[in-house]
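Data first, discussion second: the structure below is written as structure tokens.
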Amino acid sequence: MSANIDAIYYPDRTTECERPLFMIPVEAGFPSPVEDYIEGELDLNKHLIKHPAATFFVRVAGDSMVDAGIHPGDILIVDRAIEPADKKVVIAVVNGDLTVKRIRMIKGKIFLMPENENYKPMQIDEETNFEIWGVVTNVIHPL
Amino acid sequence: MLPAFAIVDCNNFYVSCERVFNPRLAGKPVVVLSNNDGCVVARSNEAKTLGIKMGVPVFQISSLIKTHGVQVFSSNYALYADMSQRIMNTLSRFTPDIEIYSIDEAFLDLSQFKQYDLTDYGHKIRSTIKQWTGIPVSIGIAETKTLAKIANKIAKKSVKAKGVLNLTASPYLNSALEITEVGDIGV
């Protein structure tokens with residue numbers, strides 16, 4: 001399995017930027033008058049970072065998770081304070097390499113599942129040097 | 001009632017910071033150099049075992065570096081400051097009384113938690129810091145800050161302690177005092 005993490009960044013938590021949050025049902029139709037729908041202010045730092053002390057940003061390099069909506073160049077928000085659990089998307093360390101995969105814990109066995117049919121699942125065995133680095137909570141993907 | 005202090009001290013802090021972002025460095029000898037890459041200011045345990053001393057000018061160990069494949073890093077203080085802030089923020093969840101002692105050390109006043117098992121509490125602190133930040137720490141707990149420092153020193157070396165030594169109401173207090181020189185006293 002190839003490493004597919006490009007770089008790790010730490011968030012700048014010193015800035016605040018609150019923007020109005022519009023609670024409109026988004027349809028590709030006629031625009032509605034929006035003043036009635038402003039729910040409040042939304043700061044993306046606060047919305048996306050629940051545990052600032054444990055949160056890191058990771059840039060993705062490979063395409064093994066495209067079916068999960070994770071593309072090369074995307075930024076992942078990784079929260080190390082969240083307990084890893086079955087079906088979570090995680091950053092794992094496999095024999096020294098950082099990789100992003102979905103973790104499956106089945107009958108006491110651990111698998112790292114890619115979400116791209118061109119890649120194979122990997123079973124973690126006794127010989128694998130394995131550690132979960134953090135749990136991915138969000139992906140930032142430009143459209 | 002006697003107070004209880006814990007000192008939380010990061011193991012090989014600058015090296016541990018580098019390892020969080022580069023897991024391939026695990027198990028290898030790693031050193032971090034001072035500004036302008038002059039002297040060694042942090043060493044992994046593997047580098048310590050090779051006999052690399054704190055503060056040694058890097059040119060004096062160039063053959064050691066080559067022979068043993070020692071990984072050498074320039075210091076990255078922006079990274080270390082960020083990691084330090086994360087650790088201190090995480091520690092402040094465990095007590096309102098925290099005294100930041102240096103970039104990689106803090107005293108926690110745990111007097112109000114004496115009804116709990118402070119050894120367990122110490123292990124909880126240690127595992128939380130490891131999970132949230134990736135940094136391994138050692139914790140010494142005792143009735144004075146100086147004794148906590150001694151407990152910490154032993155916790156760092158003792159395999160049995162698993163990184164936490166609690167000397168409050170401990171039968172081992174006297175033997176701890178016998179085997180330790182107290183750092184940070186005097187000059």
Side-chain angles (χ1 to χ4, degrees), chain A residues 1-15 45-46 48-61 75-85 88 90-101 103 112 122 124 127-137, chain B residues 8 10-11 13-30 44 46 69-71 73 75-96 98 100 103-104 106 108 123-137:
Chain A
M1 175 165 16
S2 63
N4 58 357
I5 295 303
D6 190 38
I8 304 171
Y9 306 91
Y10 39 94
D12 177 358
R13 285 165 281 129
T14 59
T15 56
N45 268 353
K46 287 179 195 142
L48 295 172
I49 304 175
K50 300 286 186 263
H51 303 102
T55 298
F56 296 85
F57 300 145
V58 168
R59 189 185 288 279
V60 179
I75 301 280
L76 304 177
I77 299 173
V78 181
D79 187 342
R80 295 179 57 116
I82 296 175
E83 291 297 329
K88 295 259 188 210
V90 299
I91 304 293
V93 182
V94 180
N95 297 325
D97 286 326
L98 286 160
T99 185
V100 55
K101 294 286 177 289
I103 193 163
L112 290 180
M122 181 192 200
I124 303 303
E127 278 94 70
T128 320
N129 193 341
F130 174 76
E131 188 189 333
I132 293 174
W133 196 92
V135 173
V136 178
T137 58
Chain B
V8 179
C10 301
N11 300 348
F13 182 54
Y14 297 171
V15 167
S16 297
C17 289
E18 299 291 342
R19 278 179 169 167
V20 171
F21 297 89
N22 187 353
R24 278 188 177 278
L25 298 173
K28 290 181 183 159
V30 182
S44 70
E46 297 79 5
V70 178
Q71 307 287 306
F73 289 86
S75 38
N76 179 352
Y77 287 106
L79 170 66
Y80 310 149
D82 177 84
M83 294 301 280
S84 175
Q85 202 189 1
R86 288 167 185 272
I87 289 161
M88 301 310 168
N89 285 348
T90 310
L91 286 176
S92 63
R93 300 170 72 93
F94 290 95
T95 174
I98 168 170
I100 298 172
I103 191 168
D104 62 351
L108 312 182
H123 281 292
K124 175 79 186 142
I125 294 171
R126 185 170 181 269
S127 64
T128 303
I129 297 290
K130 181 73 171 74
Q131 185 187 336
W132 286 35
T133 70
I135 300 294
V137 300

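Below, read A as the first sequence line, B as the second, and so on, with proteins coming before strands; counting in each chain starts at 1. Computed over heavy atoms, backbone and side chain alike; hydrogens, waters and symmetry mates excluded.
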Taking every heavy atom of B:Thr133 against every heavy atom of A:Ala53, the minimum-distance pair comes out as CG2-O, 4.1 Å

Calculate, to the nearest 0.5 Å, the distance between atoms OG1 and CZ belonging to B:Thr128 and A:Arg80 respectively. 12.0 Å

Using a 4.5 Å cut-off on heavy atoms from C-beta on, say whether the side chain of B:Arg24 contacts that of A:Asp97. yes

Near B:Lys124 NZ, under 6.0 Å, is it more than 12 heavy atoms from other residues, nucleotides or ligands? no

Under 4.5 Å from any heavy atom of chain A - which part of B:Lys130: both

Atom group of B:Leu25 that falls short of 4.5 Å from chain A, counting heavy atoms: neither

If you count every heavy atom of other residues, nucleotides or ligands that lies below 6.0 Å from A:Lys88 atom NZ, does the total exceed 12? no

Checking A:Asn95 against chain B: side chain, backbone, both or neither under 4.5 Å from a heavy atom? backbone

Is there side-chain contact between A:Leu98 and B:Phe21, with at least one heavy-atom pair below 4.5 Å? no

Drop me the distance from B:Asp82's CG to A:Phe56's CZ, to the nearest 0.5 angstrom. 7.0 Å

In terms of heavy-atom contacts, A:Ile82 and B:Gln131 come closest through O-NE2, 3.7 Å

Contacting moiety of B:Met88, where chain A heavy atoms sit under 4.5 Å: neither

Closest heavy-atom pair and its distance - B:Pro23, A:Gly96: CB-O, 3.9 Å

